[in-house]
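Every chain is numbered from 1, with letters handed out A, B, ... down the list of sequences. Computed from a predicted structure; not experimentally measured.
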Amino acid sequence: MSIEQIISVQIVEAIAHCYNQQIEPSLVQLQITRKEFEGDITLVVFPFVRMSKKSPEQTAAEIGDYLQQNVAEVEKYNVVKGFLNLVISSSYWISVLNLATAHPHFGITEPTDSSKLVMVEYSSPNTNKPLHLGHIRNNLLGFSLCEILKANGNKVVKTNIVNDRGIHICKSMYAWKMWGNGETPETSGIKGDHLVGKYYVKFDQEYKKEIAALMEQGETKENAEQNAPAMMGAREMLLKWEAKDPETVELWKTMNDWVYAGFDVTYKELGVDFDKIYYESETYLYGKDEVLRGLAEGVFYQKEDSSVWADLTPEGLDQKILLRSDGTSVYMTQDIGTARERFQDYPIDQMIYVVGNEQNYHFQVLSILLDKLGFEFGKGLHHFSYGMVELPQGKMKSREGTVVDADDLMAEMIEVSRKTSEELGKLEGYTPEQAAITYKMIALGALKYFMLKVDPKKNMLFNPEESIDFNGNTGPFIQYTYARIRSVLRKAADRGIELNRDITATAEIATKELQLIKAISQFPVAVKEAGDNYSPALVANYIYELVKEFNQFYHEFPMLIEENIDTRNLRLVIAETVSKTIKTGMKLLGIDVPERM
RNA sequence: GUCUCGGUAGCUCAGCUGGAUAGAGCAACGGCCUUCUAAGCCGUAGGUCCAGGGUUCGAAUCCCUGCCGGGAUACCA
């Protein structure tokens, strides 16, 4: 139980005792006391003056008196206007420090047999082009969300649905067949996903040329787009694929395998993984079955052209198509099928989709449709909706070549990290291999933290020139602080200083030390809050505050030279606990921390 | 048109279940490396919280209206 909870309960008691009123706990507004005032926790007493029928100051004093007398943790209090500032006893803070120090994963709740099973879908790439910046945000958010859910005691299944069928992959296949000269990742030396992406672009280029040529011959734009040989070829391939034509399926398999091999490299570099991968090519037919069942049961209806629709006007929405007039599936149909499969495969208590906010409507509808089809899990779906990554020139568009490629970006950042590190003369004495691991850790720390520190719901701007920084509120800043703490602890060990981790002395605790202990004590609160709000950004924010606090502390105290043994021990234990908290917190963001940098 | 999300310092972002004088980082300017890592620390400067109205002891935060921007909106995924 956190100190806020303890105090909160006692305030309800205080009100009952002083004013003979039963109040809702939600009326108790506690906040961390602002630095310019004495105290740790502040109660806003304005809501209670109505009950006391006294001035805010007097009310605050009465509640303060009660708390001071009846709550061991409350040492004293002061009143400023309508604010009751409570001073928590240092013995309480010491007990928190001891708890945090002794616990291997302070703030982390382990799952039990009765824990909820949460399935999280993230990444969900198309197999026709490499991963880009938008996918990076998705992957990092998805992975971090899973870590945070686990830290809150949930069992988590990480899943990925690969959009491996459809006209888009046929375009790449067609282009490769027409203009590829049989090149493969091996013969060309190009990473598989990039190679397939190259032919996706090639298709578009040739297609545009064909349209232009047809329009010169007097065709309308629409006709030209429909009848260009490239488009007809791609469509023919899709038909052949659906008819299971062996040659087409073979080519499809081959090219998809190239892409998967490429994705695996990118995922590994990003540090994300999955427990179960679904393929759209395997699940898209199930959805059709479900829609037809819905039609038979009268949940959906059919138009004269034989397309199938859902009427969502009772829900305040529109009509939604579920099967095209030619009987083929749309996106929604596939998601219905995939959902059914998942709930058959796992005893899922909650399903979370990490998908961009441009699909808010889609998931709203999906939830309703599943519910209509009689799946009890329909209403419980959660769409973890995140904002787009924008570039200074606007939205990323693959056709305009403004896409920031995931592999390129990571490679560039590793290079910058290496250069910076060498210029600063760090990592001397490291082998080239050790140094390379650290460069990568720093580069990815910068990228991940940059993406995760902003509120997931909001669109964010990525400026390739300026965005990635290694100073200030960044991953490397946090990693750096961690590395320095580790260095201090190494040096202490070198000098034969043994830590007594069981702190009993309550005598001398400086303000800065106390602030750090308080900051550490907030970690479980931050983890819980991040879980409740699905927000890695809250964890990132917390760590940043902790690290800033530590840097001031670090600057102020010469820990190793300190003469007073007790104080030195306390400071080293605090430092060690901070480093553990940083490491644990960063793990929730999927960011590694180096011992040295 | 309708629905939805957003607008906070020059830039990128916190703060938003109403609470004390709206905070960081970057960029700018000025200090601090003979003492545990200067990827750091300290300081200066920078604000009509889009605008207007409402609710109340109190509004960046809640409600309404308007302006600006993003997204979605019946056979793309």
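Residue A/K426 has a polar side-chain atom (N or O) positioned under 4.0 Å from OP1 or OP2 of B/rA39. Within the 4.0 Å cut-off from OP1 or OP2 of B/rA38, at least one side-chain nitrogen or oxygen of A/R484 is found. Within the 4.0 Å cut-off from OP1 or OP2 of B/rC42, at least one side-chain nitrogen or oxygen of A/Q552 is found. Residue A/K35 places none of its side-chain N or O atoms closer than 4.0 Å to OP1 or OP2 of B/rA20.
Ranked by how close their nearest RNA chain B nucleotide is to the 5' end, A/P47 and A/F470 are led by A/P47. Each of A/N541 and A/V80 was assigned the nucleotide of RNA chain B with the nearest heavy atom; the assignment lying further toward the 5' end belongs to A/N541.
Contact annotation for A/M460: backbone-only contact, meaning every heavy-atom pair under 4.0 Å involves sugar-phosphate atoms and none involves a base. Residue contacts shown for A/V44 include a base, since a base heavy atom lies under 4.0 Å away. Contacts of A/S421 with the nucleic acid, taken as non-hydrogen atoms under 4.0 Å apart, include base atoms. No contact: A/A537 has no heavy atom under 4.0 Å from any strand. No contact: A/N533 has no heavy atom under 4.0 Å from any strand.
Nucleotide B/rC33: unpaired (no Watson-Crick or G-U wobble partner with both distances less than 3.5 Å). B/rU12 is paired with B/rA24 under the criterion used here, namely a Watson-Crick or G-U wobble arrangement in which both key atom distances are under 3.5 Å. Nucleotide B/rU2: paired with B/rA72 (Watson-Crick or G-U wobble, both distances less than 3.5 Å). Of all nucleotides present, none satisfies the Watson-Crick or G-U wobble test against B/rA59 with each distance under 3.5 Å.
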The contact string for nucleotides 22-33 of chain B, one letter per nucleotide 5' to 3', using protein heavy atoms under 4.0 Å with B, S and - for base, sugar-phosphate only and none, comes out as -SSSS-------
Contact letters for nucleotides 70-77 of chain B, in which S counts primed atoms plus P, OP1 and OP2 and B counts the base, heavy atoms under 4.0 Å: SSSSBBSB
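The aromatic ring of A/F37 stacks onto the base of B/rA20, its centre lying under 5.5 Å from the centre of the six-membered base ring with the two planes under 30° apart. B/rA20 has its base stacked against the ring of A/F83, the centroids being under 5.5 angstrom apart at an interplanar angle below 30°.
Among residues two or more places apart in sequence or in another chain, the side-chain contact (heavy atoms from CB on, under 4.5 Å) test is passed with A/P130 by A/D193, A/H194, A/D405. In this structure, the side-chain hydrogen bond (donor to acceptor under 3.5 Å, both in side chains) partners of A/E595, at least two apart in sequence or on a different chain, are A/Y482, A/R486. Checked against side-chain contact (heavy atoms from CB on, under 4.5 Å), A/R495 has the following partners two or more places apart in sequence or in another chain: A/I497, A/L560. The side-chain contact (heavy atoms from CB on, under 4.5 Å) test applied to A/E282 returns A/Y279, not counting sequence neighbours. Not counting sequence neighbours, A/K320 has no partner by the salt bridge (Lys or Arg N to Asp or Glu O under 4.0 Å) test. For A/H382, the ring pair (Phe, Tyr, Trp, His ring centres under 6.0 Å) partners are A/Y534, not counting sequence neighbours.
Among residues at least two apart or in separate chains, ring-ring contact (aromatic ring centres under 6.0 Å, His included) pairs with a member in residues 443-467 of chain A are A/F450-A/F462.
Ring to ring, A/F477 and A/Y480 are not that close: their centroids are 6.0 angstrom or more apart.
Screening A/N459, A/N138, A/N357, A/D455 against A/Y386 for a side-chain hydrogen bond (donor to acceptor under 3.5 Å, both in side chains) leaves a single residue, A/N138.
B/rC5 adopts an anti glycosidic conformation, its chi angle falling more than 90° from 0.
Although no hydrogens or angles enter the test, the distance criterion places a donor-acceptor pair under 3.5 Å between the side chain of A/S579 and the main chain of A/E576.
With B/rC13, B/rG7, B/rG40 as the candidates, the nucleotide lying closest to the side chain of A/K458 is B/rG7.
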